[in-house]
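Every heavy atom of this structure was used, including side-chain atoms; hydrogens, water molecules and symmetry mates were not. As the structure is a prediction and not an experimental result, all values here were calculated from the model.
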Amino acid sequence: MSATADKARFYLEQSVPELREYERKKIFSKDEITSIIKKRSDFEHKINARGAQPADFVRYAEYEMNLDSLRRKRVKRLGIKSTGFSGQRRIFFVLDRATRKFHGDIGLWVQYIEYARRQKAFKKLSTILMDALRLHPTKADLWIYAAQYSVEDHADMSQARTYMQRGLRFCKNSRKLWIQYAKLELIYITKLVARQRILGLDEKPEGPKQQVSEDDLNADMIMMPQITEEDINPKARDDTIDEAALKTLNSTPALTGAIPLAIFDSAIKTFDYNACFAHEFFDMVFEFEDVPCLQKILSHILDVMQESKPNSPHTLICYIKYPTAGVRVTSAEFPRALGAALSRLQKHRQKPEVAKEVIDWLRPVEKTKDLDSSIQKVIAATIHKAELVLQEA
């Protein structure tokens, strides 16, 4: 018990200069500082005790976050330019101790990472991510988070790909990781296309000039098309947009769908041509209506499914949905596309597995805002017939 008290006292003594400054600058009153000391003492005794739990560290960190928020507001109101101490540093200290003691608790790591991200402490965040991934290389969600962070906060697609590739070395059997990798690439394509449209450079993409080739030096990696940094990340020079670089994107793998296709081909082999996985991949791609290579990717996925598992209900529903790919539900082209899809459905209507998939597909479509009433009636009737098939099965 004395060891616990000694540790608690040691950590509390480190905050004495900080609290004295707060009192001297009248950021907190004497009574408030006494309360802060008592709270910190209680927390320190809990987290240094033998039976400490991750929740104790979480509550401690949340208290310090609230205290720091209050300190910032008072500093701003009082017009104090700066203080020699930062609550951020103390919060990092608490979370660092938490992850060191309970390094197997993913929740603590996520809270640590999220706090660093909110504080825009990018160097610290990189260190935390590296530590988390080193200790938990088989956690697919951490690799996905790291890749998304690279794109969302730093627009660094190259680093995001690196995270995904490394993640697949440790989590090769994670369906979620494969699908999220392809999704990240499609989101990136969507952003590039949007940028082109804003600049009036949205031409139809030509066929790919380069083929996907095997990388003999890294056989356990996905065979990626050869793309230069300038191809995938055209930079502005002298604060101007490099329109020529954006135009050349149309003929590179970045926009022709070669990368998502390479990911799918590697993934489907990994999962031994599993129809359920291919269906999940198809549905993920199906959501990207504005991607110019949408038809090319979906057509390839469907061809692989029909060749490997032609009679699977997963293959059949993808075959049925395909005519509506890339067509907005509220557009003038949708009735014809839906008609083609329902025509394909006729042959397989009485199969219960297909009927269930049809309901899952059409029910959200039926609830689309501003959907034409006649189309809504057709969809409602189709869903009703599918429900009858399920009842009879």
Side-chain angles (χ1 to χ4, degrees), residues 1 3-49 51-103 105-132 142 145-146 148-155:
M1 190 66 182
T4 299
D6 288 342
K7 284 183 179 180
R9 185 162 47 252
F10 171 75
Y11 290 123
L12 287 170
E13 286 175 354
Q14 291 182 329
S15 67
V16 171
E18 169 196 357
L19 295 175
R20 283 177 177 171
E21 180 178 358
Y22 292 161
E23 182 180 0
R24 187 175 68 255
K25 293 186 176 181
K26 298 182 179 179
I27 297 173
F28 294 109
S29 67
K30 286 185 177 181
D31 290 341
E32 287 174 327
I33 289 176
T34 300
S35 176
I36 292 171
I37 293 172
K38 185 178 183 307
K39 270 286 188 181
R40 285 180 174 175
S41 178
D42 291 342
F43 281 123
E44 287 294 346
H45 279 85
K46 281 184 180 179
I47 66 175
N48 286 296
Q53 298 296 320
D56 297 325
F57 284 92
V58 171
R59 283 191 289 268
Y60 192 4
E62 288 176 349
Y63 170 76
E64 290 293 346
M65 288 177 193
N66 293 332
L67 181 63
D68 187 51
S69 177
L70 178 60
R71 180 191 64 83
R72 289 172 185 270
K73 289 178 181 178
R74 291 192 178 179
V75 165
K76 184 177 181 181
R77 178 167 54 83
L78 294 170
I80 299 173
K81 291 185 178 180
S82 64
T83 59
F85 300 91
S86 170
Q88 181 190 98
R89 183 178 179 182
R90 185 169 188 84
I91 295 164
F92 277 138
F93 183 54
V94 172
L95 291 172
D96 184 61
R97 290 159 65 192
T99 52
R100 287 178 184 275
K101 187 166 187 175
F102 300 100
H103 52 78
D105 193 306
I106 299 298
L108 284 176
W109 282 106
V110 170
Q111 183 164 355
Y112 197 4
I113 291 167
E114 283 293 339
Y115 177 72
R117 191 173 182 179
R118 289 197 302 271
Q119 298 300 310
K120 300 186 185 301
F122 298 128
K123 287 186 178 180
K124 183 70 173 178
L125 180 51
S126 296
T127 302
I128 299 168
L129 273 175
M130 289 294 290
D131 289 342
L142 283 177
Y145 182 97
Q148 290 175 341
Y149 158 72
S150 296
V151 173
E152 293 170 6
D153 287 28
H154 300 288

Item to check | Row check, Phe93 ring normal vs Arg97 NZ/CZ: under 6.0 Å, within 45° | outcome: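 Yes, Arg97 sits over the ring of Phe93.
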Going by heavy atoms in the side chains, are [X] and [Y] under 4.5 Å from each other?
X	Y	result
Tyr60	Arg40	yes
Glu44	Lys7	no
Tyr22	Val75	no
Gln14	Arg90	no
Glu18	Arg89	no
Phe28	Leu67	yes

Checklist entry - Hey, is the main chain of Ile37 close enough, under 3.5 Å, to the side chain of Ser41 for a donor-acceptor pair? => result no
Any chance you could measure [X], atom [atom1], to [Y], atom [atom2], to the nearest 0.5 Å?
X	Y	atom1	atom2	result
Leu12	Lys38	CG	NZ	12.0 Å
Thr4	Ile47	OG1	CD1	11.0 Å
Ile33	Glu23	CD1	CD	4.5 Å
Arg59	Lys39	CZ	NZ	10.0 Å
Tyr115	Ile91	OH	CD1	3.0 Å
Asp68	Gln119	CG	CD	7.0 Å

On a heavy-atom basis, which atom in [X] and which in [Y] lie closest, and how many Å separate them?
X	Y	answer
Ala132	Leu142	O-CD1, 4.0 Å
Ile27	Leu78	CA-CD1, 4.2 Å
Tyr63	Ser35	OH-O, 4.4 Å
Val94	Ala61	CG1-N, 4.1 Å
Leu108	Ala98	CD1-O, 3.8 Å
His103	Trp109	O-NE1, 2.9 Å

Next on the checklist: Does Asp42 form a salt bridge (charged side-chain N to carboxylate O under 4.0 Å, His left out) with Lys46? I'd like the steps, not just the answer.
Outcome noted: CA-CA 6 Å; Asp42 291 342; Lys46 281 184 180 179; over 6 Å; no
Next on the checklist: Going by the rule salt bridge (charged side-chain N to carboxylate O under 4.0 Å, His left out), which residues pair with Glu32 if we only count those two or more places apart in sequence or in a different chain?
Outcome noted: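 Result, salt bridge (charged side-chain N to carboxylate O under 4.0 Å, His left out) vs Glu32: Arg74.
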Return the set of residues passing ring pair (Phe, Tyr, Trp, His ring centres under 6.0 Å) with [X] (not counting sequence neighbours), or none when no residue passes.
X	result
Phe10	none
Tyr145	none
Phe57	Phe102

Checklist entry - What residues form a side chain to side chain contact (heavy atoms under 4.5 Å, CB included) with Gln53, not counting sequence neighbours? => result Asp56
Give the table of side-chain donor-acceptor pairs shorter than 3.5 Å for residues 121-128, with sequence neighbours excluded, one pair per line with atom names and distance.
from, atom 1, to, atom 2, distance (Å)
Lys124, NZ, Tyr112, OH, 3.4
Ser126, OG, Phe122, O, 3.0
Thr127, OG1, Lys123, O, 3.2

